[in-house]
Amino acid sequence: MSRIDDAFRRMRAERRTGLVTYVTAGDPSLARTADILRQIDAAGADVLEVGVPFSDPLADGPVIQRATERALAGGATLAGVLDMLAGVRKDLHAPIVVFSYANPILRMGLDAFVARARGAGVDGVLTLDVPPEESGEWRGRFQAAGIDTIFLLSPTTTVERIRRAATLGSGFLYGISRLGVTGARDTVADSAEALATRVRRETAMPLALGFGVSRPEHVRAIGQWADAAVVGSALVNVIAEHGAKAGLLDEVERYVRWLRS
Amino acid sequence: MSTNWFGRRDPDSRGYFGEFGGRFVPETLVAPIDALEREYMDARRDAAFGADLDRLLRHYVGRPTPLWEAARLGASCGARVFLKREDLTHTGAHKINNALGQALLAKRMGKTRIVAETGAGQHGVASATACALLGLECVVYMGSEDMRRQALNVFRMRLLGARVEGVDSGSRTLKDAINEAMRDWVARPDDTHYLLGSALGPHPYPLMVREFQSVIGREARQQCVEQAGRLPDAVIACVGGGSNAIGIFDAFIDDPSVRLIGVEAGGEAITPGRHAARFAGGAAGILQGTRTRVLQDANGNIEPTHSISAGLDYAAVGPEHAYLASTGRAEYHYATDVDALRGFQELARLEGIIPALESAHAIAYVRRAAEQWAPGAVLLVNLSGRGDKDVQTVEGLLQEADRVAN
């Protein structure tokens, strides 16, 4: 039973909507990211997604693109992110999911990455540009190390491929509730419910829905259809606004608690 | 023509040429790309589709393009040099061959909107042209640095009714334009086709673009046999993403006596950030949907690139080129900015032809490697585009060189 399985079992037992948070590691610095993760964890986030900055984030919208640029300018690398996680893991309750594009992992080498991720206490890996069909050599290694392989589902994903992701993946499924790149929106898309309904018909695997989530009412709405809501760009925005200020951690905590209200 | 232009050398069912290729895309694009693959595989077996494309290539593009024996250029390097005149196509570069093929395919799929990326602007112009002809909406993403370098082509695209969107992220060149085009496509996969301009990206693009460009090699092979009486000793083409090169190589891959030579952009020097020679400084990686050779740093971030020519200024190479290099079937060299500038001027003075700065890299290589050609060697060079778009840039560079010299 992985730490991720455990987290979702607890949400279901407590009959509440879980909160999955995404932050770009290294924005404003890796040391600050470690502090932010501690704060978010203490504020009750259920799963911590940690984004690895990459020079060409083609699935991301402007908010995460800018965060990525700041992180890279500050010298954040995949190796640095894993070192930071190794240091902070013992302070965190929630499972950690590393969220990355393929190339930094490939460059480190799959075996080296798996060894270091396991050493850092990473619980799951989501590689944005490695769909199930390309995931063979990745998945096998993650599985052997006890690391969950998280797949994305989108409004365009066919029923056949929903089944494939549920069979090949583990931990949870991450549903992209709308078309387009990452970014906060004012409302939850109608496509969120439609996707959740299609997924639910195929699998009982835990489902987190994201893309566009920024307010507590979004989290509550998603709770009607899925196990958890993912908040990404909106949280990255809070960090961007307060990154250099002394009150950053308080703002982050206040925002996460508000989302859970 | 339409009966034999497809299916000669398909990648495996997952789109791999050896260990290169594949489909590394965000989940939202998997379904539209699956649909594109099905439609393309269907279309290329459809005689009516082939006939439509043939008609456009002949009567609209002006194919077959001539093969010109450049006797004065040849004499200057001790070989017979034949230029495949893709610069004489409608719109002035080989890009139109692929743009029309994909635009026809988009119509067949019921798409109403095209997005495209462009570096030098030639693919953007070709896409805008195909869209005007076929009544499709067209949005072209172009790095703001490239818009500055290729201002003439920006205006041409706008005249043709396309919307040109400047891209200010990253290095503001071709790579960033591709990122932005993919972001657009992720948001509107239902009504939009992404008209990728080179033999890059996720399967089936590298295959499809090669097959649409393979008309170059088929014509050139026959023309070379007619004019030189035999196959060439070497086929030489510049390689950015590599569509003009793979298009002309394709007809000769099964002829072991024919050397296939790709010429990359050596830029200012083979040090990080100052060139775009993936075979000189790259490593295996995944970028923009495909596993190939990529210029990257030790942490897997993509390195900035530099070339005098916007069309070669790109950090990855088409996966089939990576494969052909790995098997040794093709070889890859580079020409520097200075070489290309010299090639540009020499072709103008020796043959009365002003080449695109991209194509000037291939010309420069033929000249620089002159000592290796056996007397009477037959060299087939793909003159992939014309140089009108580069005249202002070159004028500026030559004036600057004069200033420095004085």
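A, B, ... follow the sequence lines: proteins, then strands. Residue 1 opens every chain. Keep in mind that this is a model prediction, so the values were computed, not measured.
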B:Arg23, B:Glu303, B:Gln296: which one forms the most heavy-atom pairs within less than 4.5 Å of chain A?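 Of B:Arg23, B:Glu303, B:Gln296, B:Gln296 has the most heavy-atom pairs under 4.5 Å with chain A.
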Report the option among B:Ala298, B:Ser169, B:Gly289, B:Ala31 that has the most heavy-atom pairs separated by less than 4.5 Å from atoms of chain A.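 So the answer, after comparing B:Ala298, B:Ser169, B:Gly289, B:Ala31, is B:Ala298.
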Please check if the distance between the ring centroids of A:Phe99 and A:Tyr22 is under 6.0 Å.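 Centroid separation for A:Phe99 and A:Tyr22: below 6.0 Å.
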Verify the ring-centre separation between A:Phe172 and A:Phe8: is it less than 6.0 angstrom? yes
Checking [X] against chain B: side chain, backbone, both or neither under 4.5 Å from a heavy atom?
X	value
A:Glu134	both
A:Leu72	side chain
A:Pro53	backbone
A:Leu78	neither

Carboxylate-amine/guanidinium proximity below 4.0 Å for [X] and [Y]:
X	Y	result
A:Glu202	A:Arg198	no
A:Asp56	B:Lys175	yes
B:Arg14	A:Glu133	no

Heavy-atom distance under 4.5 Å to chain A: side chain of [X], backbone, both or neither?
X	value
B:Arg291	side chain
B:Asp297	backbone
B:Ile178	neither

A:Gln65, A:Arg107, A:Arg66, A:Glu69: which one forms the most heavy-atom pairs within less than 4.5 Å of chain B?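 Most heavy-atom pairs within the cutoff with chain B belong to A:Arg107.
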Test salt bridge (Lys or Arg N to Asp or Glu O under 4.0 Å) applied to B:Asp42 and B:Arg108, step by step: CA-CA 11 Å; B:Asp42 203 39; B:Arg108 190 182 156 102; 3.2 Å; yes
Report the C-alpha distance between B:Arg172 and B:Glu145 in whole Å, list the side-chain angles of each, state the deciding distance to 0.1 Å, and finish with yes or no for salt bridge (Lys or Arg N to Asp or Glu O under 4.0 Å). CA-CA 5 Å; B:Arg172 303 171 184 192; B:Glu145 168 64 14; over 6 Å; no
